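Report on one structure; see the data block that follows.
These numbers were taken from a predicted model, which means no experiment stands behind them. Along the sequence shown, residues carry numbers from 1.
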Amino acid sequence: MYLSLKFFILGLIILAALFYLGRWLYLRSVRMRNRLQMERVYANITHELLTPLTIISASVEHLQEEEPKYSHDYELMQLNIQRMVRLLQTILETSKAQSGELKLLVSHGDVMKYIRETALTIEPLMQKHGLEFTIKCNPESMMGWIDTDKLDKIIFNLLTNAAKYTTRNDGRVELDVRTNKRFDHITIRVKDNGIGIPKDRQKGLFRRFYDGQYRNINTFGTGIGLSLTHDLVLLHHGNISFETQENKGTTFTVTLPIYKEAFYSSQIDENNNINVNVPKSVLLDFTHIQETLPEGEEPKEEEADDNTYKVLLVEDNVELLMLMRQALCRQYRIYTAQNGREALNIIRSTELDLIVSDVMMPEMDGYELTRKVKSNPDYSYLPIILLTAKIQESDHQEALKAGADDYITKPFRLSNLQLRINNIIENRKRILLEFKQRPITETQKKAAEAPTPDNKFLERAIQCVTEHLDDADFDRDAFAREMGASPSTLYNKLRATTGMNVSNFIRHIRMKAIDDIIRQEPDIRVSSLAYRVGFKDPKYFATTFKKEFGMQPKEYIEKLSVER
(Lines give C-alpha, C1' and ligand atoms only; values in the text may rest on other atoms or scores of the structure.)
Protein backbone atom coordinates (compact mmCIF):
# COMPACT_ATOMS: atom_id res chain seq x y z
CA MET A 1 0.00 0.00 0.00
CA TYR A 2 2.74 2.42 1.03
CA LEU A 3 4.83 1.46 -2.05
CA SER A 4 1.85 1.99 -4.40
CA LEU A 5 1.23 5.43 -2.91
CA LYS A 6 4.89 6.28 -3.35
CA PHE A 7 4.81 5.29 -7.04
CA PHE A 8 1.55 7.19 -7.47
CA ILE A 9 3.08 10.41 -6.07
CA LEU A 10 6.20 9.90 -8.19
CA GLY A 11 3.99 9.48 -11.26
CA LEU A 12 2.18 12.72 -10.44
CA ILE A 13 5.50 14.53 -10.12
CA ILE A 14 6.65 13.14 -13.50
CA LEU A 15 3.34 14.07 -15.13
CA ALA A 16 3.59 17.58 -13.68
CA ALA A 17 7.17 17.90 -14.88
CA LEU A 18 6.16 16.68 -18.35
CA PHE A 19 3.24 19.11 -18.36
CA TYR A 20 5.43 22.09 -17.48
CA LEU A 21 8.13 20.94 -19.93
CA GLY A 22 5.53 20.65 -22.68
CA ARG A 23 4.08 24.03 -21.80
CA TRP A 24 7.57 25.58 -21.83
CA LEU A 25 8.38 23.99 -25.22
CA TYR A 26 5.03 25.16 -26.61
CA LEU A 27 5.51 28.74 -25.39
CA ARG A 28 9.08 28.71 -26.68
CA SER A 29 7.90 27.56 -30.10
CA VAL A 30 5.26 30.31 -30.09
CA ARG A 31 7.89 32.90 -29.18
CA MET A 32 10.21 31.56 -31.87
CA ARG A 33 7.39 31.63 -34.40
CA ASN A 34 6.43 35.16 -33.35
CA ARG A 35 10.05 36.25 -33.53
CA LEU A 36 10.43 34.84 -37.03
CA GLN A 37 7.22 36.56 -38.03
CA MET A 38 8.53 39.83 -36.63
CA GLU A 39 11.83 39.35 -38.45
CA ARG A 40 9.89 38.93 -41.69
CA VAL A 41 7.85 42.04 -40.85
CA TYR A 42 11.06 44.04 -40.29
CA ALA A 43 12.47 42.77 -43.58
CA ASN A 44 9.30 43.60 -45.49
CA ILE A 45 9.03 47.08 -43.98
CA THR A 46 12.68 47.75 -44.78
CA HIS A 47 12.21 46.68 -48.39
CA GLU A 48 9.10 48.85 -48.66
CA LEU A 49 10.95 51.89 -47.32
CA LEU A 50 14.00 51.40 -49.54
CA THR A 51 11.85 51.67 -52.67
CA PRO A 52 10.51 55.21 -52.08
CA LEU A 53 13.98 56.32 -50.94
CA THR A 54 15.35 55.13 -54.27
CA ILE A 55 12.66 57.11 -56.07
CA ILE A 56 13.40 60.21 -53.97
CA SER A 57 17.12 59.90 -54.72
CA ALA A 58 16.43 59.59 -58.45
CA SER A 59 14.11 62.62 -58.28
CA VAL A 60 16.82 64.67 -56.56
CA GLU A 61 19.28 63.73 -59.32
CA HIS A 62 16.72 64.83 -61.93
CA LEU A 63 16.18 68.16 -60.15
CA GLN A 64 19.93 68.66 -59.98
CA GLU A 65 20.11 68.35 -63.77
CA GLU A 66 17.16 70.71 -64.29
CA GLU A 67 18.08 73.33 -61.64
CA PRO A 68 21.81 72.97 -60.84
CA LYS A 69 21.96 76.27 -58.91
CA TYR A 70 20.53 74.51 -55.83
CA SER A 71 23.42 72.03 -55.67
CA HIS A 72 24.00 72.73 -51.97
CA ASP A 73 20.47 71.63 -51.07
CA TYR A 74 20.71 68.54 -53.30
CA GLU A 75 23.89 67.46 -51.49
CA LEU A 76 22.11 67.70 -48.15
CA MET A 77 19.19 65.67 -49.49
CA GLN A 78 21.43 62.94 -50.90
CA LEU A 79 23.50 62.81 -47.70
CA ASN A 80 20.44 62.15 -45.58
CA ILE A 81 18.98 59.71 -48.11
CA GLN A 82 22.23 57.74 -47.81
CA ARG A 83 21.96 57.77 -44.03
CA MET A 84 18.41 56.44 -44.19
CA VAL A 85 19.41 53.74 -46.67
CA ARG A 86 22.34 52.65 -44.51
CA LEU A 87 20.18 52.48 -41.39
CA LEU A 88 17.51 50.45 -43.18
CA GLN A 89 20.13 48.14 -44.64
CA THR A 90 21.55 47.59 -41.15
CA ILE A 91 18.09 46.64 -39.88
CA LEU A 92 17.61 44.31 -42.85
CA GLU A 93 21.02 42.65 -42.38
CA THR A 94 20.33 42.19 -38.66
CA SER A 95 16.98 40.61 -39.47
CA LYS A 96 18.61 38.23 -41.94
CA ALA A 97 21.35 37.33 -39.46
CA GLN A 98 18.79 36.43 -36.79
CA SER A 99 16.76 34.28 -39.16
CA GLY A 100 19.82 32.55 -40.67
CA GLU A 101 19.19 33.99 -44.13
CA LEU A 102 22.36 36.08 -44.34
CA LYS A 103 24.60 34.69 -47.10
CA LEU A 104 28.30 35.09 -47.80
CA LEU A 105 29.65 35.65 -51.33
CA VAL A 106 33.39 36.28 -51.67
CA SER A 107 35.18 37.70 -54.71
CA HIS A 108 38.84 37.93 -55.66
CA GLY A 109 40.79 41.16 -55.75
CA ASP A 110 43.13 43.54 -53.95
CA VAL A 111 41.95 43.30 -50.36
CA MET A 112 44.24 45.96 -48.92
CA LYS A 113 43.38 48.58 -51.51
CA TYR A 114 39.67 47.92 -51.04
CA ILE A 115 39.92 48.36 -47.27
CA ARG A 116 41.88 51.61 -47.66
CA GLU A 117 39.38 53.06 -50.16
CA THR A 118 36.47 52.09 -47.90
CA ALA A 119 38.09 53.72 -44.87
CA LEU A 120 38.85 56.90 -46.82
CA THR A 121 35.14 57.44 -47.47
CA ILE A 122 34.66 57.76 -43.69
CA GLU A 123 37.40 60.39 -43.36
CA PRO A 124 34.95 63.36 -43.65
CA LEU A 125 33.09 61.99 -40.62
CA MET A 126 36.36 61.92 -38.65
CA GLN A 127 37.05 65.52 -39.68
CA LYS A 128 33.59 66.53 -38.52
CA HIS A 129 34.38 65.10 -35.06
CA GLY A 130 37.80 66.81 -35.06
CA LEU A 131 39.65 63.48 -34.87
CA GLU A 132 43.10 62.56 -36.12
CA PHE A 133 42.52 59.59 -38.43
CA THR A 134 45.28 57.30 -39.70
CA ILE A 135 45.11 54.28 -42.03
CA LYS A 136 47.93 51.73 -42.19
CA CYS A 137 47.90 48.74 -44.53
CA ASN A 138 50.83 46.31 -44.47
CA PRO A 139 51.41 45.37 -47.21
CA GLU A 140 49.73 48.19 -49.16
CA SER A 141 48.56 45.76 -51.83
CA MET A 142 47.60 42.09 -51.47
CA MET A 143 45.22 39.80 -53.37
CA GLY A 144 42.66 37.69 -51.57
CA TRP A 145 39.01 36.60 -51.26
CA ILE A 146 36.48 38.74 -49.34
CA ASP A 147 32.79 39.59 -49.34
CA THR A 148 33.04 43.34 -49.98
CA ASP A 149 29.48 43.98 -48.80
CA LYS A 150 30.11 42.35 -45.42
CA LEU A 151 33.62 43.75 -44.96
CA ASP A 152 32.36 47.23 -45.82
CA LYS A 153 29.80 47.07 -43.01
CA ILE A 154 32.37 45.69 -40.54
CA ILE A 155 34.80 48.55 -41.20
CA PHE A 156 32.07 51.20 -41.31
CA ASN A 157 30.51 50.11 -38.01
CA LEU A 158 33.83 49.87 -36.15
CA LEU A 159 35.12 53.23 -37.40
CA THR A 160 31.89 55.17 -36.85
CA ASN A 161 31.59 53.59 -33.40
CA ALA A 162 35.14 54.72 -32.57
CA ALA A 163 34.33 58.26 -33.78
CA LYS A 164 31.15 58.36 -31.65
CA TYR A 165 32.91 57.44 -28.41
CA THR A 166 36.07 59.54 -28.89
CA THR A 167 35.13 62.96 -27.60
CA ARG A 168 38.40 64.37 -26.23
CA ASN A 169 40.16 67.32 -27.89
CA ASP A 170 43.20 65.22 -28.90
CA GLY A 171 40.99 62.38 -30.18
CA ARG A 172 42.61 59.77 -32.44
CA VAL A 173 41.27 56.83 -34.41
CA GLU A 174 43.63 54.37 -36.09
CA LEU A 175 42.89 51.65 -38.64
CA ASP A 176 45.70 49.11 -38.88
CA VAL A 177 45.44 46.19 -41.33
CA ARG A 178 48.11 43.46 -41.52
CA THR A 179 48.52 40.00 -42.94
CA ASN A 180 50.10 36.92 -41.38
CA LYS A 181 53.25 35.10 -42.49
CA ARG A 182 51.29 32.74 -44.76
CA PHE A 183 49.36 35.64 -46.35
CA ASP A 184 46.09 33.75 -45.88
CA HIS A 185 44.52 35.88 -43.10
CA ILE A 186 44.21 39.59 -42.40
CA THR A 187 43.97 41.25 -39.01
CA ILE A 188 42.02 44.52 -38.82
CA ARG A 189 42.52 46.68 -35.74
CA VAL A 190 40.45 49.79 -35.01
CA LYS A 191 41.97 51.70 -32.11
CA ASP A 192 40.76 54.88 -30.41
CA ASN A 193 41.68 56.90 -27.34
CA GLY A 194 38.07 57.51 -26.35
CA ILE A 195 36.04 56.90 -23.21
CA GLY A 196 36.53 53.13 -23.14
CA ILE A 197 34.01 50.50 -22.00
CA PRO A 198 33.22 50.03 -18.28
CA LYS A 199 33.71 46.50 -16.90
CA ASP A 200 30.02 46.06 -16.14
CA ARG A 201 29.14 46.65 -19.81
CA GLN A 202 31.76 44.49 -21.49
CA LYS A 203 30.07 41.12 -21.13
CA GLY A 204 27.10 41.74 -23.43
CA LEU A 205 28.85 44.07 -25.87
CA PHE A 206 27.99 42.04 -28.97
CA ARG A 207 24.44 41.31 -27.86
CA ARG A 208 21.67 42.72 -30.03
CA PHE A 209 19.97 45.84 -28.62
CA TYR A 210 22.90 46.23 -26.25
CA ASP A 211 22.29 49.28 -24.05
CA GLY A 212 25.53 51.14 -24.69
CA GLN A 213 27.08 54.31 -23.28
CA TYR A 214 25.67 56.66 -25.89
CA ARG A 215 23.64 58.46 -23.19
CA ASN A 216 26.88 59.41 -21.42
CA ILE A 217 27.92 61.46 -24.43
CA ASN A 218 24.36 62.59 -25.26
CA THR A 219 24.20 60.92 -28.64
CA PHE A 220 22.11 58.19 -30.22
CA GLY A 221 22.53 54.42 -30.43
CA THR A 222 20.45 51.64 -31.96
CA GLY A 223 22.08 48.76 -30.11
CA ILE A 224 22.50 46.71 -33.30
CA GLY A 225 25.77 47.98 -34.84
CA LEU A 226 28.25 45.84 -32.90
CA SER A 227 25.85 42.89 -32.83
CA LEU A 228 25.62 42.96 -36.62
CA THR A 229 29.41 43.41 -36.90
CA HIS A 230 29.92 40.32 -34.72
CA ASP A 231 27.49 38.29 -36.88
CA LEU A 232 29.16 39.44 -40.11
CA VAL A 233 32.64 38.51 -38.82
CA LEU A 234 31.47 35.01 -37.85
CA LEU A 235 29.70 34.64 -41.20
CA HIS A 236 33.02 35.51 -42.86
CA HIS A 237 34.62 32.59 -40.88
CA GLY A 238 36.54 35.07 -38.72
CA ASN A 239 36.62 36.15 -35.10
CA ILE A 240 36.36 39.48 -33.25
CA SER A 241 37.65 40.61 -29.86
CA PHE A 242 38.34 43.83 -28.00
CA GLU A 243 40.60 45.37 -25.38
CA THR A 244 39.55 48.44 -23.45
CA GLN A 245 40.48 50.75 -20.59
CA GLU A 246 38.14 53.36 -19.21
CA ASN A 247 39.07 56.90 -20.28
CA LYS A 248 42.01 55.54 -22.29
CA GLY A 249 40.37 53.91 -25.28
CA THR A 250 39.33 50.71 -27.00
CA THR A 251 40.82 48.46 -29.64
CA PHE A 252 38.67 46.08 -31.70
CA THR A 253 40.52 43.27 -33.47
CA VAL A 254 38.99 41.34 -36.38
CA THR A 255 40.74 38.38 -38.00
CA LEU A 256 39.42 37.11 -41.35
CA PRO A 257 40.57 34.35 -43.72
CA ILE A 258 41.19 35.56 -47.29
CA TYR A 259 42.22 32.30 -49.00
CA LYS A 260 39.78 30.57 -51.31
CA GLU A 261 39.78 27.21 -49.52
CA ALA A 262 38.34 28.80 -46.37
CA PHE A 263 34.94 29.13 -48.06
CA TYR A 264 32.33 26.71 -49.41
CA SER A 265 31.87 26.57 -53.15
CA SER A 266 28.43 28.17 -52.77
CA GLN A 267 30.12 31.17 -51.10
CA ILE A 268 32.56 31.85 -53.95
CA ASP A 269 31.86 34.20 -56.88
CA GLU A 270 34.30 33.30 -59.67
CA ASN A 271 32.76 35.66 -62.23
CA ASN A 272 33.16 39.06 -60.54
CA ASN A 273 36.36 40.57 -59.20
CA ILE A 274 36.59 43.22 -56.47
CA ASN A 275 36.35 46.77 -57.77
CA VAL A 276 38.57 48.79 -55.42
CA ASN A 277 37.33 52.07 -56.92
CA VAL A 278 33.73 51.48 -55.81
CA PRO A 279 33.58 51.05 -52.03
CA LYS A 280 30.05 50.55 -50.77
CA SER A 281 30.33 53.18 -48.00
CA VAL A 282 29.88 56.54 -49.67
CA LEU A 283 29.75 59.61 -47.42
CA LEU A 284 29.52 63.10 -48.84
CA ASP A 285 32.12 65.57 -47.63
CA PHE A 286 30.75 66.97 -44.35
CA THR A 287 33.32 69.77 -44.35
CA HIS A 288 32.33 70.91 -47.82
CA ILE A 289 28.64 70.89 -46.95
CA GLN A 290 29.20 72.69 -43.67
CA GLU A 291 31.21 75.53 -45.17
CA THR A 292 29.26 76.04 -48.38
CA LEU A 293 26.40 78.53 -48.30
CA PRO A 294 24.63 80.03 -51.31
CA GLU A 295 25.82 83.57 -51.90
CA GLY A 296 23.62 86.28 -50.50
CA GLU A 297 21.88 84.04 -47.96
CA GLU A 298 23.72 85.14 -44.81
CA PRO A 299 23.39 88.88 -44.06
CA LYS A 300 26.62 90.72 -43.42
CA GLU A 301 27.28 91.99 -39.89
CA GLU A 302 27.08 95.62 -40.98
CA GLU A 303 23.69 95.01 -42.63
CA ALA A 304 22.13 93.77 -39.39
CA ASP A 305 21.08 96.99 -37.63
CA ASP A 306 20.08 97.40 -34.00
CA ASN A 307 16.48 96.50 -34.78
CA THR A 308 17.33 93.08 -36.22
CA TYR A 309 16.25 90.34 -33.84
CA LYS A 310 18.93 87.83 -32.92
CA VAL A 311 18.38 84.05 -32.72
CA LEU A 312 20.76 81.37 -31.42
CA LEU A 313 20.39 77.93 -33.05
CA VAL A 314 21.83 74.99 -31.09
CA GLU A 315 21.98 71.66 -32.95
CA ASP A 316 24.72 69.00 -33.22
CA ASN A 317 23.56 67.84 -36.66
CA VAL A 318 25.50 70.13 -38.99
CA GLU A 319 23.13 69.70 -41.93
CA LEU A 320 19.99 70.51 -39.94
CA LEU A 321 21.79 73.44 -38.31
CA MET A 322 22.62 74.83 -41.75
CA LEU A 323 19.11 74.33 -43.08
CA MET A 324 17.62 76.20 -40.14
CA ARG A 325 20.13 79.00 -40.54
CA GLN A 326 19.37 79.30 -44.25
CA ALA A 327 15.63 79.43 -43.58
CA LEU A 328 15.90 82.10 -40.88
CA CYS A 329 18.88 84.27 -41.78
CA ARG A 330 16.93 86.49 -44.19
CA GLN A 331 14.75 87.66 -41.32
CA TYR A 332 16.96 87.38 -38.22
CA ARG A 333 20.59 87.65 -37.23
CA ILE A 334 21.62 84.03 -36.65
CA TYR A 335 24.22 82.61 -34.27
CA THR A 336 24.98 78.88 -34.13
CA ALA A 337 26.35 76.32 -31.65
CA GLN A 338 26.66 72.53 -31.81
CA ASN A 339 26.15 71.74 -28.13
CA GLY A 340 24.90 73.31 -24.92
CA ARG A 341 28.36 74.26 -23.67
CA GLU A 342 29.12 76.23 -26.84
CA ALA A 343 25.68 77.81 -26.59
CA LEU A 344 26.29 79.02 -23.00
CA ASN A 345 29.49 80.76 -24.07
CA ILE A 346 27.59 82.58 -26.81
CA ILE A 347 24.71 83.49 -24.46
CA ARG A 348 27.14 85.04 -21.96
CA SER A 349 28.78 87.27 -24.56
CA THR A 350 26.10 87.98 -27.19
CA GLU A 351 22.91 90.01 -27.34
CA LEU A 352 20.11 87.53 -28.12
CA ASP A 353 16.34 87.49 -28.46
CA LEU A 354 15.58 83.79 -28.65
CA ILE A 355 17.18 80.33 -28.45
CA VAL A 356 16.22 77.28 -30.52
CA SER A 357 17.89 74.13 -29.18
CA ASP A 358 17.91 70.43 -29.89
CA VAL A 359 17.43 68.18 -26.85
CA MET A 360 19.89 65.32 -27.52
CA MET A 361 23.40 66.79 -27.95
CA PRO A 362 26.94 66.01 -26.81
CA GLU A 363 28.67 67.96 -24.00
CA MET A 364 25.40 69.40 -22.65
CA ASP A 365 21.88 68.51 -23.76
CA GLY A 366 18.96 70.86 -24.37
CA TYR A 367 17.28 70.21 -21.01
CA GLU A 368 20.39 71.12 -19.04
CA LEU A 369 21.01 74.18 -21.22
CA THR A 370 17.41 75.33 -20.63
CA ARG A 371 17.68 74.82 -16.86
CA LYS A 372 20.96 76.78 -16.70
CA VAL A 373 19.55 79.68 -18.73
CA LYS A 374 16.24 79.86 -16.88
CA SER A 375 17.86 79.63 -13.43
CA ASN A 376 20.20 82.55 -14.15
CA PRO A 377 18.49 85.93 -13.58
CA ASP A 378 20.71 87.51 -16.23
CA TYR A 379 19.36 85.26 -19.01
CA SER A 380 16.09 83.87 -17.66
CA TYR A 381 14.16 86.29 -19.88
CA LEU A 382 15.39 84.52 -23.03
CA PRO A 383 12.62 82.48 -24.70
CA ILE A 384 13.67 78.91 -25.55
CA ILE A 385 12.17 76.55 -28.13
CA LEU A 386 13.29 72.92 -27.76
CA LEU A 387 13.48 70.49 -30.67
CA THR A 388 12.91 66.90 -29.60
CA ALA A 389 12.69 63.54 -31.37
CA LYS A 390 10.83 62.16 -28.35
CA ILE A 391 7.07 62.03 -28.79
CA GLN A 392 5.82 60.81 -25.40
CA GLU A 393 3.74 63.19 -23.31
CA SER A 394 6.20 62.73 -20.43
CA ASP A 395 9.01 64.02 -22.68
CA HIS A 396 7.01 67.11 -23.52
CA GLN A 397 6.34 67.66 -19.82
CA GLU A 398 10.06 67.34 -19.12
CA ALA A 399 10.75 70.05 -21.71
CA LEU A 400 8.26 72.40 -20.07
CA LYS A 401 9.51 71.56 -16.56
CA ALA A 402 13.03 72.49 -17.66
CA GLY A 403 11.63 75.93 -18.50
CA ALA A 404 11.18 75.75 -22.27
CA ASP A 405 8.70 78.28 -23.67
CA ASP A 406 7.76 75.96 -26.53
CA TYR A 407 8.78 72.66 -28.10
CA ILE A 408 8.62 71.11 -31.56
CA THR A 409 8.66 67.38 -32.25
CA LYS A 410 11.01 66.01 -34.91
CA PRO A 411 10.61 65.61 -37.79
CA PHE A 412 9.27 69.13 -38.26
CA ARG A 413 8.69 71.56 -41.09
CA LEU A 414 10.99 74.58 -41.20
CA SER A 415 7.90 76.70 -41.85
CA ASN A 416 6.48 75.51 -38.51
CA LEU A 417 9.69 76.47 -36.70
CA GLN A 418 9.63 79.86 -38.40
CA LEU A 419 6.02 80.37 -37.33
CA ARG A 420 6.83 79.58 -33.67
CA ILE A 421 9.78 81.99 -33.71
CA ASN A 422 7.72 84.69 -35.40
CA ASN A 423 5.00 84.34 -32.75
CA ILE A 424 7.49 84.93 -29.93
CA ILE A 425 9.10 87.86 -31.75
CA GLU A 426 5.69 89.37 -32.52
CA ASN A 427 4.87 89.22 -28.83
CA ARG A 428 8.02 91.23 -28.12
CA LYS A 429 6.97 93.74 -30.77
CA ARG A 430 3.61 94.16 -29.01
CA ILE A 431 5.47 94.80 -25.74
CA LEU A 432 7.57 97.39 -27.62
CA LEU A 433 4.51 99.19 -28.99
CA GLU A 434 2.83 99.24 -25.58
CA PHE A 435 5.95 100.60 -23.88
CA LYS A 436 6.49 103.31 -26.50
CA GLN A 437 2.93 104.56 -26.11
CA ARG A 438 3.07 104.62 -22.31
CA PRO A 439 4.31 107.84 -20.66
CA ILE A 440 7.54 107.46 -18.68
CA THR A 441 5.81 108.82 -15.57
CA GLU A 442 3.26 106.00 -15.77
CA THR A 443 6.05 103.41 -15.86
CA GLN A 444 7.70 105.03 -12.85
CA LYS A 445 4.40 105.21 -10.98
CA LYS A 446 3.75 101.52 -11.71
CA ALA A 447 7.19 100.65 -10.36
CA ALA A 448 6.46 102.51 -7.14
CA GLU A 449 3.05 100.86 -6.68
CA ALA A 450 4.15 97.35 -7.64
CA PRO A 451 7.90 96.99 -6.98
CA THR A 452 8.38 93.71 -8.84
CA PRO A 453 11.92 92.84 -10.05
CA ASP A 454 10.95 93.83 -13.62
CA ASN A 455 9.40 97.15 -12.56
CA LYS A 456 12.34 97.99 -10.30
CA PHE A 457 14.76 97.18 -13.11
CA LEU A 458 12.87 99.46 -15.50
CA GLU A 459 12.71 102.30 -12.98
CA ARG A 460 16.46 102.05 -12.41
CA ALA A 461 17.17 101.90 -16.16
CA ILE A 462 15.07 105.02 -16.83
CA GLN A 463 16.76 106.88 -14.00
CA CYS A 464 20.22 105.83 -15.25
CA VAL A 465 19.60 107.20 -18.77
CA THR A 466 17.95 110.35 -17.41
CA GLU A 467 21.02 111.11 -15.29
CA HIS A 468 23.17 110.93 -18.45
CA LEU A 469 20.69 112.70 -20.71
CA ASP A 470 23.14 115.23 -22.18
CA ASP A 471 26.12 112.82 -22.32
CA ALA A 472 26.71 112.04 -26.01
CA ASP A 473 29.19 109.30 -25.05
CA PHE A 474 26.64 107.43 -22.97
CA ASP A 475 26.29 104.37 -25.19
CA ARG A 476 25.38 100.69 -24.70
CA ASP A 477 28.63 99.79 -22.94
CA ALA A 478 28.47 102.80 -20.60
CA PHE A 479 24.84 102.05 -19.83
CA ALA A 480 25.70 98.42 -18.99
CA ARG A 481 28.52 99.52 -16.69
CA GLU A 482 26.22 101.92 -14.85
CA MET A 483 23.65 99.16 -14.42
CA GLY A 484 26.31 96.71 -13.20
CA ALA A 485 25.52 94.21 -15.96
CA SER A 486 27.11 92.86 -19.11
CA PRO A 487 25.89 94.36 -22.42
CA SER A 488 24.23 91.05 -23.33
CA THR A 489 22.43 90.81 -19.97
CA LEU A 490 21.17 94.39 -20.25
CA TYR A 491 20.00 93.69 -23.79
CA ASN A 492 18.13 90.54 -22.74
CA LYS A 493 16.31 92.26 -19.87
CA LEU A 494 15.35 95.33 -21.90
CA ARG A 495 14.07 93.20 -24.78
CA ALA A 496 11.94 91.15 -22.41
CA THR A 497 10.48 94.09 -20.45
CA THR A 498 10.22 96.81 -23.12
CA GLY A 499 10.70 95.05 -26.46
CA MET A 500 13.56 97.48 -27.17
CA ASN A 501 17.24 96.95 -27.65
CA VAL A 502 19.69 99.02 -25.62
CA SER A 503 20.30 101.79 -28.19
CA ASN A 504 16.59 102.23 -28.86
CA PHE A 505 15.84 102.37 -25.14
CA ILE A 506 18.41 105.16 -24.60
CA ARG A 507 17.03 107.03 -27.59
CA HIS A 508 13.44 106.54 -26.43
CA ILE A 509 14.09 107.99 -22.94
CA ARG A 510 15.88 110.96 -24.52
CA MET A 511 12.99 111.59 -26.91
CA LYS A 512 10.49 111.37 -24.07
CA ALA A 513 12.46 114.04 -22.16
CA ILE A 514 12.11 116.54 -25.01
CA ASP A 515 8.58 117.64 -24.04
CA ASP A 516 9.63 118.72 -20.54
CA ILE A 517 12.67 120.59 -21.89
CA ILE A 518 10.57 122.48 -24.47
CA ARG A 519 7.91 123.38 -21.90
CA GLN A 520 10.60 124.72 -19.57
CA GLU A 521 12.44 126.52 -22.41
CA PRO A 522 9.93 127.29 -25.20
CA ASP A 523 12.44 129.44 -27.11
CA ILE A 524 15.18 126.77 -27.17
CA ARG A 525 17.06 126.35 -30.44
CA VAL A 526 17.05 122.99 -32.24
CA SER A 527 20.83 122.60 -31.93
CA SER A 528 20.69 123.28 -28.19
CA LEU A 529 17.86 120.81 -27.81
CA ALA A 530 19.93 118.20 -29.62
CA TYR A 531 22.89 118.69 -27.26
CA ARG A 532 20.62 118.60 -24.21
CA VAL A 533 19.44 115.08 -25.09
CA GLY A 534 22.85 113.66 -25.95
CA PHE A 535 23.16 114.18 -29.73
CA LYS A 536 26.46 115.45 -31.12
CA ASP A 537 25.06 116.16 -34.59
CA PRO A 538 21.92 118.37 -34.84
CA LYS A 539 21.24 117.07 -38.37
CA TYR A 540 21.18 113.45 -37.18
CA PHE A 541 19.02 114.60 -34.27
CA ALA A 542 16.54 116.15 -36.72
CA THR A 543 16.37 112.91 -38.73
CA THR A 544 15.85 110.81 -35.59
CA PHE A 545 13.29 113.29 -34.26
CA LYS A 546 11.20 113.14 -37.43
CA LYS A 547 11.12 109.32 -37.29
CA GLU A 548 9.90 109.49 -33.71
CA PHE A 549 7.40 112.38 -33.92
CA GLY A 550 6.56 112.59 -37.63
CA MET A 551 7.66 116.23 -37.98
CA GLN A 552 10.76 118.41 -37.80
CA PRO A 553 11.95 119.60 -34.34
CA LYS A 554 11.18 123.24 -35.18
CA GLU A 555 7.58 122.37 -36.10
CA TYR A 556 7.16 120.42 -32.90
CA ILE A 557 8.52 123.29 -30.77
CA GLU A 558 6.04 125.68 -32.43
CA LYS A 559 3.21 123.18 -31.95
CA LEU A 560 3.90 122.87 -28.21
CA SER A 561 4.14 126.65 -27.90
CA VAL A 562 0.67 127.06 -29.45
CA GLU A 563 -0.78 124.35 -27.18
CA ARG A 564 0.75 126.03 -24.15
Side-chain angles (χ1 to χ4, degrees), residues 83 86-87 90 112 115-138 150-178 186-207 210-233 238-256 279 281 283 285-287 316-318 338-339 341 360-364:
R83 284 177 169 170
R86 177 166 287 283
L87 180 58
T90 299
M112 292 297 190
I115 292 173
R116 175 178 287 277
E117 291 301 316
T118 299
L120 284 173
T121 64
I122 305 171
E123 193 168 32
L125 179 65
M126 299 295 180
Q127 291 175 355
K128 177 192 173 187
H129 286 270
L131 301 174
E132 180 187 337
F133 181 44
T134 57
I135 304 169
K136 298 177 183 177
C137 294
N138 186 19
K150 307 301 182 288
L151 185 57
D152 164 82
K153 290 180 174 63
I154 292 168
I155 294 171
F156 183 89
N157 285 338
L158 291 178
L159 288 177
T160 54
N161 199 65
K164 182 191 298 184
Y165 290 104
T166 306
T167 57
R168 48 197 287 176
N169 293 331
D170 61 343
R172 298 188 308 276
V173 175
E174 302 173 9
L175 173 66
D176 186 288
V177 189
R178 299 177 182 274
I186 57 170
T187 299
I188 303 168
R189 287 189 177 88
V190 174
K191 182 179 180 180
D192 65 65
N193 63 341
I195 64 174
I197 306 168
K199 288 184 179 180
D200 61 341
R201 293 182 176 269
Q202 294 176 16
K203 188 176 180 180
L205 193 62
F206 297 120
R207 188 179 65 244
Y210 167 74
D211 191 14
Q213 292 177 274
Y214 54 88
R215 293 183 186 85
N216 294 351
I217 55 173
N218 291 315
T219 186
F220 297 100
T222 61
I224 59 178
L226 284 177
S227 170
L228 177 60
T229 301
H230 176 263
D231 292 343
L232 294 176
V233 169
N239 58 69
I240 181 170
S241 61
F242 66 91
E243 295 177 359
T244 185
Q245 281 185 282
E246 286 191 64
N247 301 317
K248 290 189 176 180
T250 303
T251 301
F252 282 92
T253 303
V254 173
T255 303
L256 300 174
S281 292
L283 291 178
D285 190 337
F286 284 89
T287 306
D316 64 326
N317 182 290
V318 176
Q338 289 185 256
N339 59 63
R341 208 168 296 282
M360 296 297 292
M361 295 181 296
E363 299 289 332
M364 181 191 295

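For the side chain to side chain contact (heavy atoms under 4.5 Å, CB included) with V177, the qualifying choice from I188, V190, V254 is I188, the only one to do so. Checking each of I186, I240, N239 against L256 for a side chain to side chain contact (heavy atoms under 4.5 Å, CB included) leaves exactly one that passes, namely I186.
Using a 4.5 Å cut-off on side-chain heavy atoms (C-beta onward), D192 and L131 make no contact. Taking 4.5 Å as the limit, some side-chain heavy atom of F156 sits within range of a side-chain heavy atom of I122. At least one side-chain heavy atom of L120 sits less than 4.5 Å from a side-chain heavy atom of E123. You'll find the side chain of L151 stays beyond 4.5 Å of the side chain of T118, heavy atoms only.
Looking at residues two or more places apart in sequence or on another chain, you find a side-chain hydrogen bond (donor to acceptor under 3.5 Å, both in side chains) between D170 and R168. E132 pairs by the side-chain contact (heavy atoms from CB on, under 4.5 Å) definition with T134, R172, not counting sequence neighbours. For the side-chain contact (heavy atoms from CB on, under 4.5 Å) test, residues two or more places apart in sequence or in another chain that qualify with D176 are K136, R178, R189. Partners of A119 under the side-chain contact (heavy atoms from CB on, under 4.5 Å) rule, at least two apart in sequence or in another chain, are F133, I135, L159, L175. By the side-chain hydrogen bond (donor to acceptor under 3.5 Å, both in side chains) test, T255 pairs with no residue at all, sequence neighbours left out.
Taking each heavy atom of G196 and T250 in turn, the nearest pair found is CA-OG1, 3.5 Å. Closest non-hydrogen pair, Q338 versus M361, comes out as O-SD, 4.3 Å.
Listed for the N157 side chain is no donor-acceptor partner under 3.5 Å among the backbone atoms of L226.
Separation of atoms CD (Q245) and NZ (K199) is listed at 9.5 Å; rounding is to 0.5 Å. The distance from atom NZ of K248 to atom CG of N193, rounded to the nearest 0.5 Å, is 12.0 Å. Within the model, atoms CZ of F252 and CD1 of I197 stand 4.5 Å from one another, a figure rounded to the nearest 0.5 Å. Rounded to the nearest 0.5 Å, atoms CZ (F242) and OG1 (T253) are 11.0 Å apart.
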